[in-house]
Amino acid sequence: MTKQKKKRNKQYKGSGAAQTQPIVTHVSAVKRNKLQLWWGEKKRIAKPVAIAVGIAFVVVILLIELVKLFV
């Protein structure tokens with residue numbers, strides 16, 4: 001059994017190497033009010049909570065109307 005050659009994992013940077021393009025990152029700033037800033041930070045938590053509160057509100061209204069119907 002012959003010894004296997006170790007694979008090269010180092011990037012070639014000689015004269016025949018492919019030219020790599022620089023990475024350009026564009027950043028834009030937006031002026032936001034306090035409510036928009038809060039929503040941007042807390043959206044992941046606030047959105048499901050708002051949906052649950054809305055559903056609970058609808059269920060309470062339906063129960064009240066159901067009770068009024070029988071009374």
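Since the structure is predicted, the reported quantities are computational estimates derived from the model, not experimental observations.
Across all non-hydrogen atoms, the minimal contact from Ile45 to Val49 is O-CG2, 3.3 Å.
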Which atom pairs, one a donor and one an acceptor, fall under 3.5 Å between side chains of residues 32-42 and the rest of the protein, sequence neighbours left out?
residue : atom : partner : partner atom : Å
Asn33   : OD1  : Leu35   : N            : 3.2
Asn33   : OD1  : Gln36   : N            : 2.8
Gln36   : OE1  : Asn33   : N            : 3.2

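Of the candidates Ile61, Leu66, Val60, Leu62, Ile64 forms a side-chain contact (heavy atoms from CB on, under 4.5 Å) with just one, namely Val60.
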